[in-house]
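Below is one structure, written out as structure tokens, with a few remarks after it.
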Amino acid sequence: MNKLTNSLKALKPKSTPKLFVIDWDETITNEDTIKLVAQAAYNKKLEYEPKFDHFTDIYLKAFNEYNQDFTSKYGERDTIEKEIKFQTGMQNVEMKSINEIKRLRLFEGIAEDEFQAQANHVTLKPHFTDFLGKCQELKIPVIILSVNWTKLIMEAVLQKIGFKENENLKIMVNELEFVNGISTGNFNESISIRTGLDKLNIVNSLIKQYGKTCYIGDSMTDLLSLIDSDIGIAIEEGSVIESVKKLNFPIKNLSEAEELHKEEVYVGNWSQVINLLNKH
């Protein structure tokens, strides 16, 4: 994590990344899709109680209490060190609602294809499909890294636009536990991506493996990875932009950048990212 304070040389736009690591919800998609994962259960269990608000209320209560306590002790999260400390404590917050979902067996009995059917409700941001096609053409690996609860919907969405996982396209996400294609109601404990710190640790491992890495995201769980990657791109209108500003980290519009620096975060859209690739 000491890389967060290191200063590296500028990266010219034509110096193409060796790897793209990309968030899913509201980075690739127009809307959050975790609610679609939950809706698969409620579509099957029409009489199920409690409603999904019960689980979101648990999360919000835990988050608000933790955030208030953190702020009273350490003040605003206006340094990288404070943000790392904050994200370290977010694991307990995230698991409050997850443990309740497991306890009440929300996903028990839901089949894989019932999750996959939710892909019909997902829309993607303009030009992401073109970006993915360009990366496949140039054989630049893309890893989708998400705190979502299953990759089943993601796989189905990618299949609809003509892609599937291969050596240059992978998905890293939490996963439900399935037996014979039916959810047990538990989560697979072999992988846990719940917080921004979890993402950062994975990204740092990937940088060591692949080399020059571009991270693209939109929200708080993406903040540390955006700052620590060789190139960090925040999707325009993403909530993470305000968080970057609070850290007094330099921000530039991707379309106006003549050189790409590790010490800056760029704001852009998928069309502008494609332009970056076209300078290859």
Side-chain angles (χ1 to χ4, degrees), residues 21-29 31-63 66 87-122 143-160 163-166 169-203 205-206 219 221:
V21 182
I22 307 172
D23 175 55
W24 175 258
D25 286 300
E26 297 182 271
T27 296
I28 294 172
T29 67
E31 296 181 352
D32 181 81
T33 63
I34 287 182
K35 62 185 179 183
L36 295 178
V37 179
Q39 192 58 49
Y42 286 99
N43 288 345
K44 178 75 172 287
K45 303 177 178 182
L46 298 179
E47 304 301 322
Y48 181 90
E49 294 289 343
K51 299 306 180 189
F52 193 60
D53 285 350
H54 170 72
F55 303 108
T56 56
D57 287 347
I58 286 175
Y59 171 81
L60 290 172
K61 181 175 184 292
F63 176 82
Y66 172 62
Q87 288 292 338
T88 301
M90 277 297 294
Q91 182 75 19
N92 291 333
V93 173
E94 296 291 342
M95 293 311 296
K96 291 276 189 182
S97 55
I98 294 296
N99 288 335
E100 182 73 349
I101 285 171
K102 291 193 293 185
R103 185 180 75 84
L104 295 179
R105 320 302 293 176
L106 171 63
F107 293 117
E108 186 176 30
I110 311 304
E112 291 179 345
D113 61 0
E114 290 170 318
F115 290 107
Q116 291 163 343
Q118 294 295 90
N120 294 325
H121 304 291
V122 177
I143 294 177
I144 296 171
L145 178 62
S146 175
V147 298
N148 207 303
W149 296 340
T150 177
K151 71 177 184 178
L152 289 170
I153 296 175
M154 301 176 188
E155 288 176 326
V157 169
L158 292 175
Q159 186 173 358
K160 284 178 64 178
F163 300 94
K164 62 181 180 180
E165 281 194 272
N166 56 51
L169 177 58
K170 299 186 183 303
I171 301 171
M172 297 182 69
V173 65
N174 301 294
E175 192 53 81
L176 294 162
E177 180 184 79
F178 292 90
V179 175
N180 297 324
I182 305 296
S183 172
T184 66
N186 293 319
F187 284 83
N188 187 323
E189 296 183 0
S190 67
I191 186 167
S192 180
I193 309 170
R194 304 295 181 189
T195 70
L197 194 57
D198 292 335
K199 281 191 167 186
L200 176 63
N201 290 334
I202 291 171
V203 168
S205 295
L206 292 171
S219 66
T221 60

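Here, residue 1 is the first one in the sequence, and each next residue gets the next number. Note: hydrogens, waters and symmetry copies are ignored here, and every other heavy atom, side chains too, is used.
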Give a yes or no on whether the backbone of G196 and the side-chain of Q87 come within a donor-acceptor separation of less than 3.5 Å. yes

Kindly say whether G89 contributes a backbone atom to a donor-acceptor pair with the side chain of N92 at under 3.5 angstrom? no

Taking every non-hydrogen atom, the tightest pair across [X] and [Y]:
| X | Y | result |
| --- | --- | --- |
| N43 | L46 | O-CD2, 3.4 Å |
| L106 | I110 | O-CG1, 4.4 Å |
| I34 | D32 | N-OD2, 3.1 Å |
| A119 | V157 | CB-CG2, 3.7 Å |
| L36 | Q118 | O-NE2, 3.0 Å |

Test side-chain contact (heavy atoms from CB on, under 4.5 Å) applied to [X] - qualifying residues, sequence neighbours left out:
| X | value |
| --- | --- |
| N180 | none |
| E31 | K35 |
| T29 | W24, D25, T33, V122, L124 |

Flag side-chain contact, heavy atom, 4.5 Å: [X] against [Y]:
| X | Y | value |
| --- | --- | --- |
| F63 | E94 | no |
| V147 | K199 | yes |
| E26 | S219 | no |
| L169 | L158 | yes |

With sequence neighbours excluded, what pairs up with [X] under the side chain to side chain donor-acceptor pair (under 3.5 Å) test?
| X | value |
| --- | --- |
| N188 | S190 |
| Q116 | none |
| S183 | none |
| N174 | none |

Got a sec, which residues hit salt bridge (Lys or Arg N to Asp or Glu O under 4.0 Å) with K151, two or more places apart in sequence or on another chain? E155, E165

Partners of K160 by salt bridge (Lys or Arg N to Asp or Glu O under 4.0 Å), sequence neighbours excluded? none

Using a 6.0 Å cut-off, check whether atom CD of E49 has over 12 heavy atoms from anything other than its own residue. yes

Take a 6.0 Å sphere around NZ of K45 and say whether it holds more than 12 heavy atoms from other residues, nucleotides or ligands. yes

How long is the span from the [atom1] atom in [X] to the [atom2] atom in [Y], to the nearest 0.5 Å?
| X | Y | atom1 | atom2 | result |
| --- | --- | --- | --- | --- |
| D198 | T88 | CG | OG1 | 9.5 Å |
| R194 | F187 | CZ | CZ | 5.5 Å |
| L145 | I202 | CG | CD1 | 5.0 Å |
| M172 | I143 | CE | CD1 | 6.5 Å |
| I144 | M154 | CD1 | CE | 7.0 Å |
| S97 | R103 | OG | CZ | 13.0 Å |

Pairs touching residues 169-180 that satisfy salt bridge (Lys or Arg N to Asp or Glu O under 4.0 Å), sequence neighbours left out: none

Do any pairs count as a salt bridge (Lys or Arg N to Asp or Glu O under 4.0 Å) and have a residue in residues 105-119, sequence neighbours left out, and if so which ones? K44-E114, R105-E108

Donor-acceptor pairs are to be reported for all side-chain atoms of residues 50-57 against protein atoms at under 3.5 Å, with residues two or more places apart or in another chain.
residue : atom : partner : partner atom : Å
K51     : NZ   : Y48     : O            : 3.2
H54     : NE2  : E100    : OE2          : 2.8
T56     : OG1  : D53     : O            : 3.0

Parallel under 30°, tilted from 30 to 60°, perpendicular over 60°: which one fits the rings of F107 and F115? tilted

